[in-house]
Number of protein chains: 2
Amino acid sequence: MTSIKENSTNSLNRKLLTDCNLTYAVQLMGGRWKLLLLMRLEPGRQRFGELKKNIPNITERMLTLQLRELEADGLVTRHVFAEVPPRVEYELTPIGRELVPICGTLHAWGGRHRYQHTGTESTFSHENTPEIWSTP
Amino acid sequence: MTSIKENSTNSLNRKLLTDCNLTYAVQLMGGRWKLLLLMRLEPGRQRFGELKKNIPNITERMLTLQLRELEADGLVTRHVFAEVPPRVEYELTPIGRELVPICGTLHAWGGRHRYQHTGTESTFSHENTPEIWSTP
DNA sequence: TGCGATACACACAAAAATGTAAGTAATGAC
DNA sequence: GTCATTACTTACATTTTTGTGTGTATCGCA
């Protein structure tokens with residue numbers, strides 16, 4: 001998300017879909033790394049560098065971008081400490097936290113789908129957030 | 001989704017995220033028009049032309065693409081009738097149908113978020129699928 | 001013979017998302 | 001004075017997604 005052409009059909013359609021609460025919701029969580037970030041933040045605050053370490057393959061640029069969008073959308077809070085070297089911590093907001101159980105349901109559905117569709121199971125491990133993935 | 005560069009970092013990262021059941025699930029429903037299509041199909045089978053009529057601003061190309069991806073992902077079934085002019089109907093699969101209540105929850109969350117974040121409410125109407133949007 | 005109807009396909013263009021590589025500011029430790 | 005540390009920023013390149021416009025096959029009907 002660098003610069004958007006207001007008034008392209010593409011952008012108008014995006015706005016149109018923003019009117020529906022469902023597609024609106026999906027737009028908020030739609031960035032490639034956003035849900036992973038939310039899940040990492042579930043146990044509590046995390047520093048920028050820790051997120052970077054814990055999320056495989058994410059670049060600093062993408063991490064910054066996605067975190068800033070999450071912040072702008074009110075899903076996470078940014079805490080800046082006036083230290084050197086700098087320290088910045090990220091934390092889920094209440095409404096962001098409400099997304100977590102929904103993600104649990106989606107995760108379970110994804111597992112069922114994968115099994116039915118491919119006959120395999122996921123081996124991805126969310127080490128630091130185990131309790132989320134046990135769906136009620 | 002026309003042609004994908006195998007082995008670009010971009011594509012490798014996509015595959016990596018496919019390992020997680022959550023991001024896997026989001027990939028399946030991530031196309032711009034997919035969830036709207038799923039919701040339209042909830043009441044029952046629909047013809048290509050009806051979907052086109054009912055979904056604002058979607059082009060034939062996008063409709064085709066998204067439906068084909070949904071089909072390839074096992075979320076909808078395609079029924080072709082050997083008639084002239086042609087008739088094709090689309091229908092939710094069982095696992096696709098399991099996504100509907102989750103969408104209901106997401107829709108509700110989206111509504112809460114929008115209200116908190118913007119102070120407004122959605123005016124988007126899903127005429128043909130009213131019962132979905134009343135979340136338990 | 002020509003037309004309308006339907007569900008597409010195709011080549012191309014535009015826009016958006018993602019990735020790469022390099023640089024920056026401030027400070028304390030050496 | 002140089003260096004390491006941290007959380008970025010910036011300019012640019014690549015890849016992917018979305019949109020535009022036109023064409024097609026088949027048949028029944030006028």
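The model shown is predicted, which means the values in this text are computed figures rather than measured ones. Here is the naming used below: chain letters follow the sequence lines, and residue numbers restart at 1 for every chain.
Note: CD1 (B:I58) to C1' (D:dG19) measures 11 Å, nearest angstrom. A:K52 places its NZ atom 9 Å from the P atom of D:dA7, with the value rounded to the nearest Å. Straight-line distance from the CD atom of A:E83 to the C1' atom of D:dT5: 12 Å, rounded to whole Å. If you measure from atom CZ of A:F81 to atom C1' of D:dC8, you get 17 Å, rounded to the nearest angstrom. Protein atom CG of A:L63 is 16 Å distant from nucleotide atom C1' of C:dT20, rounded to whole Å. D:dA7 atom C1' lies 12 Å from atom CG of A:L51, rounded to whole Å. With rounding to whole Å, B:K15 atom NZ is found 13 Å from D:dT15 atom C1'.
In this structure, B:R14 does not reach the C:dG19 phosphate: none of its side-chain N or O atoms is under 4.0 Å from OP1 or OP2. Between A:N13 and D:dT18, a side-chain N or O to OP1/OP2 separation shorter than 4.0 Å is absent. Contact annotation: A:Q66 reaches the phosphate of C:dT18 (side-chain N/O to OP1 or OP2, under 4.0 Å).
Residues in residues 47-80 of chain B take part in no ring pair (Phe, Tyr, Trp, His ring centres under 6.0 Å) pair, two or more places apart or across chains. Contacts classified as salt bridge (charged side-chain N to carboxylate O under 4.0 Å, His left out) and involving residues 17-34 of chain A (residues at least two apart or in different chains) are given here: A:K34-A:E69.
Nearer the 5' end of DNA chain D, as judged by each residue's closest nucleotide, is the contact made by B:N10, out of B:N10 and B:M62. Nucleotides of DNA chain C nearest to A:T59 and A:T9 differ in position, and the one nearer the 5' end is that of A:T9.
Exactly one residue among B:T105, B:N21, B:I102, B:L28 makes a side-chain contact (heavy atoms from CB on, under 4.5 Å) with A:L106. That residue is B:I102.
For the helix from C:dT1-D:dA30 to C:dC30-D:dG1, the axis fitted to the five pairs at one end and the axis fitted to the five pairs at the other end meet at an angle of 30° (nearest 10 degrees).
Taking B:K52 as the reference, B:E60 meet the salt bridge (charged side-chain N to carboxylate O under 4.0 Å, His left out) condition, with sequence neighbours excluded. Annotation: ring-ring contact (aromatic ring centres under 6.0 Å, His included) contacts of A:H117 (sequence neighbours excluded): A:H113. Not counting sequence neighbours, B:T123 has no partner by the side chain to side chain contact (heavy atoms under 4.5 Å, CB included) test. With sequence neighbours excluded, no residue forms a ring-ring contact (aromatic ring centres under 6.0 Å, His included) with A:Y90. Looking at residues two or more places apart in sequence or on another chain, you find a side chain to side chain contact (heavy atoms under 4.5 Å, CB included) between A:R97 and A:E42, A:L92. Remark: B:E83 pairs with B:R87 by the salt bridge (charged side-chain N to carboxylate O under 4.0 Å, His left out) rule, at least two apart or across chains. Judged as a salt bridge (charged side-chain N to carboxylate O under 4.0 Å, His left out), and not counting sequence neighbours, B:R78 has no contacts.
A heavy atom closer than 4.0 Å to some atom of DNA chain D occurs in B:R32, B:W33, these being the qualifying members of residues 25-35 of chain B.
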For this session: Apply side chain to side chain contact (heavy atoms under 4.5 Å, CB included) to B:T120 and B:R114, showing your working.
Result: CA-CA 7 Å; B:T120 63; B:R114 185 201 302 273; 3.8 Å; yes
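Contact check on A:E89 versus A:R47 returns no salt bridge, with no Lys/Arg side-chain nitrogen under 4.0 Å from an Asp/Glu carboxylate oxygen.
With D:dT17, C:dG19, D:dT15 as the candidates, the nucleotide lying closest to the side chain of B:S8 is D:dT15.
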Using atom names, set out every protein N or O paired with an N or O of nucleotides 4-9 of chain C below 3.5 Å, distance rounded to 0.1 Å.
| from | atom 1 | to | atom 2 | distance (Å) |
| --- | --- | --- | --- | --- |
| C:dT6 | O3' | B:R47 | NH2 | 3.1 |
| C:dT6 | O3' | B:P86 | O | 3.0 |
| C:dA7 | OP1 | B:R47 | NE | 2.9 |
| C:dA7 | OP1 | B:R47 | NH2 | 2.9 |
| C:dA7 | OP2 | B:G49 | N | 3.0 |
| C:dC8 | OP1 | B:R68 | NH2 | 2.7 |
| C:dC8 | OP1 | B:R78 | NH2 | 2.5 |
| C:dC8 | OP2 | B:Y90 | OH | 2.6 |
| C:dC8 | N4 | B:E60 | OE1 | 2.4 |
| C:dA9 | OP1 | B:R68 | NH1 | 3.3 |

